[in-house]
Asker: 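Here it is, the structure in full.
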2 protein chains.
Amino acid sequence: MPSAVKEKPLPARRNSQYNKKLSSILKAASEIIARHGFEGASIRQVAAKAGIGLSGIYYYFKSKDELLFAIQENTFSTLAESLEKRLEAVSTARERLKAVLDNHFHFFLNNMDDLKVCVHEIESLSGKYYKDILKIRRKYFGLVRNIVAENISSPAEFNDDLVSLYLFGSLNWIYMWYDPRRNPDMGVLSDQLLEIFLHGIKAT
Amino acid sequence: MPSAVKEKPLPARRNSQYNKKLSSILKAASEIIARHGFEGASIRQVAAKAGIGLSGIYYYFKSKDELLFAIQENTFSTLAESLEKRLEAVSTARERLKAVLDNHFHFFLNNMDDLKVCVHEIESLSGKYYKDILKIRRKYFGLVRNIVAENISSPAEFNDDLVSLYLFGSLNWIYMWYDPRRNPDMGVLSDQLLEIFLHGIKAT
DNA sequence: CGATAATTAGAACGAACGTTCGATAAACTT
DNA sequence: AAGTTTATCGAACGTTCGTTCTAATTATCG
């Protein structure tokens, strides 16, 4: 007879206080990790910024790794979801690629720390955490790659995989230099980069 | 009277053994830091890989920070020097931009760990180390930006600063995905990326 | 109110870190 | 061969880290 372990019913976590605190920890962790890197960030710093005790963190997350995983999963899911919503409103190949760029640029502007952590700390994950995030990334990448493919006029010359990787490079690098006070609006950047990838800087 | 401190004459470091060991430490450090990140890499790991005792590292470098600085300075100086040599052999704007891409791709292929450390661990430096590396990077960036500017046909539409940053994004991202066993030769990538930035994926 | 669960706080753990120090060996100079 | 520099080593220091444990507090609800 299987031991009749009493099933612990998931606590009613509609409790808004719980989710508020959880979100504030995620936000604090993003800031600290974005500034110091994952290995350089300490749970103590995160706890202090979130206004909680050190051990309090472990009530919400079972380890530092899980905390990083939660940031990346949360951020990447939101990014993908946001893109799919944008794609519903457009039809042409160019518009769809434009939606990819707009989505990425605007999401970045509103979630700089989160996106930096996602771009910069992929390899800080390991085991199941790494695999699960990789799966999400792959799905997002495939979505973008198909849209890139629609926009390639000579598939013999340009492979959609590689072109997508070049594009992701340009997109993922912006956290290294973009400063809203010195640089143009994200809309301008999005237009420019789209035009470059479609027609280059030599086109009329 | 100023105290007549005996000037320690720099030891004759033409000694090839010394430089051999120093290089092997730099190489080991690049590998470890590329794999674990700067904060995650330990001096003990570097020492083990270099075949030296833990404290032996401190005979060659005065701190972990200086070790990272040495890697970045060494790598970036070599990269810039290599580019200037390539530029002597070409004349047209297109050829000059091609030289930038060729240089970056081939240097990357032969120094993957070094370049990854340079791209990924800029912000792990601080103080004077950070400023000195920034100066080298700025010089290199300026060189590339001028070459990019030569290739822009409508300066009103495309700003050489931003285009260069997009380009650096594509270049600096390759360490995240390039696998010599699965991907085309660097020469192919260089040709492709040049064509994209000049004429786009929609050109004939 | 009283009981049960949800949440926080404080102290402590062992492990690993960067760095230092003094002793020691090897290499070079005279 | 003696003396001096160059290079290596092992042990140790103080600090910080991620994590755990137990006790205390707060909220929830019959």
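Lettering follows sequence order; numbering is per chain, from 1.
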Asker: Salt bridge (Lys or Arg N to Asp or Glu O under 4.0 Å): which pairs involve residues 81-96 of chain A, sequence neighbours left out?
Answerer: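 Salt bridge (Lys or Arg N to Asp or Glu O under 4.0 Å) check on residues 81-96 of chain A returns A:Arg94-A:Glu195, A:Arg96-A:Glu150.
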Asker: Are OP1 or OP2 of D:dC17 and a side-chain N or O of A:Ser42 less than 4.0 angstrom apart?
Answerer: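 Affirmative; the distance criterion is met.
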Asker: According to side-chain contact (heavy atoms from CB on, under 4.5 Å), who are the partners of A:Ala80, at least two apart in sequence or on a separate chain?
Answerer: A:Tyr140
Asker: Would you please confirm or rule out a distance under 4.0 Å between OP1 or OP2 of D:dA7 and any side-chain N or O of B:Tyr59?
Answerer: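 Looking at the OP1 and OP2 atoms of D:dA7, one of them is under 4.0 Å from a side-chain N or O of B:Tyr59.
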Asker: May I ask you to say what A:Gly56 touches in the nucleic acid, namely base, sugar-phosphate or nothing, with a heavy-atom cut-off under 4.0 Å?
Answerer: nothing
Asker: For nucleotides 19-28 of chain C, read 5' to 3', which letter fits each nucleotide if B means a protein heavy atom sits under 4.0 Å from the base, S means only the sugar-phosphate is that close, and - means neither?
Answerer: BBB-------
Asker: At under 4.0 Å, does any side-chain N or O of A:Tyr60 touch on OP1 or OP2 of C:dT7?
Answerer: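 The answer is no; no side-chain N or O of A:Tyr60 sits under 4.0 Å from OP1 or OP2.
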Asker: Provide the full list of side chain to side chain donor-acceptor pair (under 3.5 Å) pairs with a residue in residues 159-169 of chain B, sequence neighbours left out, each pair given once.
Answerer: A:Gln192-B:Tyr166
Asker: For residues 67-74 of chain B, run the donor-acceptor check on the side chains, cut-off 3.5 Å, and write out each pair with its distance to 0.1 Å, sequence neighbours left out.
Answerer:
residue	atom	partner	partner atom	Å
B:Gln72	NE2	B:Glu121	O	2.9

Asker: Output yes when A:Lys27 and A:Asp114 qualify as a salt bridge under the 4.0 Å nitrogen-oxygen rule, no when they do not.
Answerer: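 Answer for the salt bridge query: no.
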Asker: How long is the line joining CD of A:Glu39 and P of C:dG18, in whole Å?
Answerer: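 Taking atom P of C:dG18 as the reference, CD of A:Glu39 is at 11 Å.
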Asker: Have a look at B:Phe61 and say if it touches a base, only the backbone sugar-phosphate, or nothing, with a 4.0 Å heavy-atom cut-off.
Answerer: nothing
Asker: When the distance from CZ of A:Phe38 to C1' of D:dG18 is rounded to whole Å, what number comes out?
Answerer: 10 Å
Asker: Compute the bend angle of the helix from C:dC1-D:dG30 to C:dT30-D:dA1 from the end axes (five pairs per end), rounded to 10°.
Answerer: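 Computed from the C1' atoms at both ends, the axes differ by 10°.
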Asker: Drop me the distance from B:Arg145's CZ to B:Ile147's CD1, to the nearest 0.5 angstrom.
Answerer: 11.5 Å
Asker: Whole-Å distance between C:dG18 C1' and B:Leu68 CG?
Answerer: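 Atom CG in B:Leu68 sits about 15 Å away from atom C1' in C:dG18.
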Asker: When all nucleic acid strands are considered with a 4.0 Å heavy-atom cut-off, which category describes B:Ala41: base, sugar-phosphate, or nothing?
Answerer: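 Sugar-phosphate only.
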